[in-house]
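First the proteins, then the strands, lettered A, B, ... as listed; each starts at 1.
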Protein chains: 4
Amino acid sequence: MINRVVLVGRLTRDPELRTTGSGISVATFTLAVDRQFSNAQGERGADFISCVIWRKAAENFANFTSKGSLVGIDGRIQTRSYDNKDGQRVYVTEVIVDNFSLLESRRDREARIQNGGYNQPAGNNSFPASNGTPIANSNPAPAPAQPQDPFAGSGDAIDISDDDLPF
Amino acid sequence: MINRVVLVGRLTRDPELRTTGSGISVATFTLAVDRQFSNAQGERGADFISCVIWRKAAENFANFTSKGSLVGIDGRIQTRSYDNKDGQRVYVTEVIVDNFSLLESRRDREARIQNGGYNQPAGNNSFPASNGTPIANSNPAPAPAQPQDPFAGSGDAIDISDDDLPF
Amino acid sequence: MINRVVLVGRLTRDPELRTTGSGISVATFTLAVDRQFSNAQGERGADFISCVIWRKAAENFANFTSKGSLVGIDGRIQTRSYDNKDGQRVYVTEVIVDNFSLLESRRDREARIQNGGYNQPAGNNSFPASNGTPIANSNPAPAPAQPQDPFAGSGDAIDISDDDLPF
Amino acid sequence: MINRVVLVGRLTRDPELRTTGSGISVATFTLAVDRQFSNAQGERGADFISCVIWRKAAENFANFTSKGSLVGIDGRIQTRSYDNKDGQRVYVTEVIVDNFSLLESRRDREARIQNGGYNQPAGNNSFPASNGTPIANSNPAPAPAQPQDPFAGSGDAIDISDDDLPF
DNA sequence: TTTT
DNA sequence: TTTT
């Protein structure tokens with residue numbers, strides 16, 4: 001059948017990278033996607049969408065994003081359920097990510113990091129999307145043995161996906 | 001049936017805004033969408049996708065984007081054909097845009113414009129997509145007869161759509 | 001930002017149509033979307049995705065679908081939470097439907113209904129999706145007080161959407 | 001960046017399967033996707049969208065679809081250009097298909113084939129989408145050395161994709 | 001005719 | 001060049 005999702009939003013926290021028992025990498029994160037229109041109360045609101053990414057893409061994702069990062073993803077909706085400690089069935093809906101794209105410029109990312117995660121000084125305002133200063137991934141001293149910054153020396157957007165990366 | 005498209009890319013030129021005989025606004029533009037992977041020759045390439053946007057959204061689009069702007073859109077593919085002056089049938093495929101979202105920060109947008117459209121000085125490199133040079137809170141003298149900056153005073157992304165805008 | 005979903009699946013039950021206090025129609029339903037690939041155990045599985053549709057489209061949807069209907073939809077993911085009677089916070093993820101398309105032929109739909117919802121008699125097998133048993137040209141006596149069958153007299157697929165319907 | 005398309009429509013002709021010089025399978029086809037709404041003249045219209053599918057998925061696609069088949073696909077828009085014999089540059093926009101899903105029941109497919117491609121006898125009308133009788137793929141006597149019908153014995157939709165098929 |  |  002067909003099950004396809006495309007989202008652009010910001011990470012609500014640093015992604016969590018784990019490894020399954022069988023040694024497969026998984027990263028989980030939540031995307032805050034601002035809604036298009038304000039409600040009657042004039043609030044714009046956002047949807048907070050749980051996402052899961054697997055394998056090499058998970059590692060790449062974890063290496064190049066952090067709280068506040070602006071990313072685009074495409075994937076599919078997956079549902080599952082489990083019984084919690086109270087014996088209650090909990091239903092979970094997540095987006096399984098196939099590909100992602102980092103949509104924030106180095107400039108914005110660094111400014112966002114500088115500002116402690118929010119990318120615009122008070123009284124100053126961003127145009128559309130992106131801005132802020134996260135904490136992680138700033139690469140303050142180009143730590144060796146760190147994942148290479150794939151963006152160094154490139155003015156291009158870089159899309160990153162499953163297993164197929166040059167880095 | 002189903003016909004849905006989502007794109008994130010950059011305008012190859014300023015959008016062209018026109019009015020139909022019956023007074024409806026239309027804007028046309030081409031989005032350059034970088035491909036995800038490089039080919040055998042190591043070239044990354046891009047797709048150049050013709051887009052059309054109608055009515056009030058067309059006016060908003062034309063007011064807030066220009067060559068190089070990073071935008072996200074959703075819409076549908078439309079095909080049509082016409083006979084050119086040589087009597088040959090020409091087939092056209094365009095994306096009819098339902099909604100758009102400006103994905104570039106004010107910082108990046110202004111830096112990009114400062115740089116004459118290309119957003120990163122040589123030797124300096126952008127992170128993923130988007131770029132620019134911050135002159136935050138600009139709009140130095142709120143040029144009269146200019147479209148109001150809908151982004152002033154907001155740190156959030158702003159999505160803009162058909163007829164439903166607060167400005 | 002961008003938040004777009006496209007699904008094709010079958011209703012797990014008849015849709016539930018309600019009216020809000022302010023008189024707006026809403027229908028809710030769950031789509032079962034078969035997964036693309038089987039897991040290690042050879043089970044194919046499906047995702048069960050909660051959907052919500054509003055206004056006139058909700059009424060149309062409720063009139064022309066039932067348990068087992070094959071439908072395509074496009075919309076966006078919405079998240080919300082509430083506290084249940086046990087004082088526990090429950091997180092809900094739903095798809096807000098913008099448009100839908102009925103993807104089942106009259107033949108299949110009638111056969112499905114004949115069969116009590118499941119569309120293929122044992123020993124008989126469906127091709128891909130959808131099923132049913134032809135009793136073409138039915139609608140034997142155009143049941144009064146019934147929603148008009150928008151498909152009568154048309155060999156075309158019919159897509160149905162918000163407020164814009166000819167019926 | 002992001003470039004994602006989802007379509008549901010019918011093949012305007014049998015797909016064309018070819019092999020590149022380096023031995024890779026490609027199939028091309030056009031999807032007719034009925035538009036959602038009628039225009040001022042009451043015509044509904046359709047978009048005719050060129051699609052390309054590669055490798056094993058191409059072979060599967062060619063084996064299980066024919067003129068009139070109802071299919072869902074997801075993929076991305078690709079643009080290219082070439083100079084024709086008259087030395088004129090021709091611009092081409094195609095959808096590169098990642099996955100497809102056969103959305104027509106065996107019943108409808110066979111009825112469509114019986115009817116010579118159009119799936120409903122005159123004066124009789126289809127419900128929403130699908131119907132008709134194509135010519136190919138009917139498998140009248142289970143021709144040996146033919147691709148196995150992946151749908152035999154299954155009441156479920158079957159989605160087919162790149163390289164990952166059980167048949 | 002293409003963006004960064 | 002178009003499907004149902």
Side-chain angles (χ1 to χ4, degrees), chain A residues 103 105-107 151 154-159, chain B residues 1 7-14 16 28-35 44-50 65-71 79 81 89 91 103-104 108-109 111-112 115-121 124-132, chain C residues 103 105-107 151 154-158, chain D residues 1 7-16 28-35 44-50 65-71 79-81 89 91 103-104 108-109 111-112 115-120 124-134:
Chain A
L103 294 175
S105 67
R106 181 208 223 63
R107 174 182 293 112
F151 312 112
S154 150
D156 287 317
I158 293 198
D159 302 297
Chain B
M1 287 172 161
L7 304 172
V8 172
R10 288 185 182 280
L11 297 217
T12 61
R13 314 184 39 171
D14 289 351
E16 296 191 14
T28 54
F29 60 97
T30 297
L31 267 193
V33 182
D34 293 334
R35 290 188 185 149
R44 193 147 170 241
D47 295 294
F48 297 93
I49 302 171
S50 299
T65 65
S66 58
K67 183 183 184 200
S69 295
L70 181 70
V71 304
T79 59
S81 63
R89 189 148 222 100
Y91 293 91
L103 294 175
E104 194 175 47
D108 280 345
R109 164 187 161 240
R112 184 168 48 74
N115 285 353
Y118 189 77
N119 70 8
Q120 291 288 148
N124 180 349
N125 295 286
S126 71
F127 190 77
S130 83
N131 303 282
Chain C
L103 293 175
S105 65
R106 182 208 223 70
R107 174 185 294 115
F151 311 113
S154 151
D156 286 318
I158 293 198
Chain D
M1 288 170 159
L7 303 173
V8 172
R10 289 184 182 279
L11 297 217
T12 59
R13 314 185 37 173
D14 289 350
E16 296 192 12
T28 54
F29 60 96
T30 297
L31 267 192
V33 182
D34 292 334
R35 291 189 185 146
R44 191 144 172 245
D47 296 294
F48 297 93
I49 302 170
S50 299
T65 64
S66 57
K67 185 183 183 199
S69 295
L70 182 71
V71 305
T79 59
R80 58 186 175 87
S81 63
R89 190 149 221 99
Y91 293 91
L103 293 174
E104 194 175 45
D108 278 345
R109 163 186 163 242
R112 184 164 51 75
N115 286 354
Y118 190 76
N119 72 7
Q120 291 287 149
N124 181 348
N125 296 286
S126 72
F127 190 77
S130 83
N131 303 288
T133 339

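- Distance from the side chain of A46(D) is smallest for dT3(F) among the nucleotides dT2(E), dT3(E), dT3(F).
- With sequence neighbours excluded, no residue forms a side-chain hydrogen bond (donor to acceptor under 3.5 Å, both in side chains) with T79(B).
- Annotation: salt bridge (Lys or Arg N to Asp or Glu O under 4.0 Å) contacts of R80(D) (sequence neighbours excluded): E94(D).
- The distance between atom CG of L103(D) and atom C1' of dT4(F), rounded to the nearest whole Å, is 14 Å.
- Here the straight-line distance linking atom OG of S69(B) with atom CZ of R112(B) works out to 4.5 Å at 0.5 Å rounding.
- The backbone N or O of R35(B) sits less than 3.5 Å from a side-chain atom of R44(B), completing a donor-acceptor pair.
- In this structure, F48(D) places its CZ atom 11 Å from P of dT4(F), rounding to the nearest Å.
- For R89(B), a side-chain nitrogen or oxygen approaches OP1 or OP2 of dT1(F) to under 4.0 Å.
- F29(B) places its CZ atom 16 Å from the P atom of dT3(E), with the value rounded to the nearest Å.
- Taking every side-chain heavy atom of R112(B) into account, dT4(E) is the closest of dT4(E), dT1(E), dT1(F).
- Which of dT2(F), dT4(E), dT4(F) sits closest to the side chain of D34(D) comes down to dT4(F).
- Closest to the side chain of A32(D), out of dT3(F), dT4(E), dT2(F), is dT3(F).
- In this entry the distance linking CZ of R10(B) with P of dT1(E) reads 23 Å, nearest Å.
- Here dT4(F) presents its C1' atom at 16 Å from CZ of R35(D), a figure rounded to the nearest Å.
- Distance CG (L31(B)) to P (dT2(E)): 16 Å, rounded to an integer number of Å.
- The separation between R13(D) atom CZ and dT1(F) atom P is 13 Å, rounded to whole Å.
- One atom, CZ of R109(D), and another, C1' of dT4(F), lie 17 Å apart when rounded to the nearest Å.
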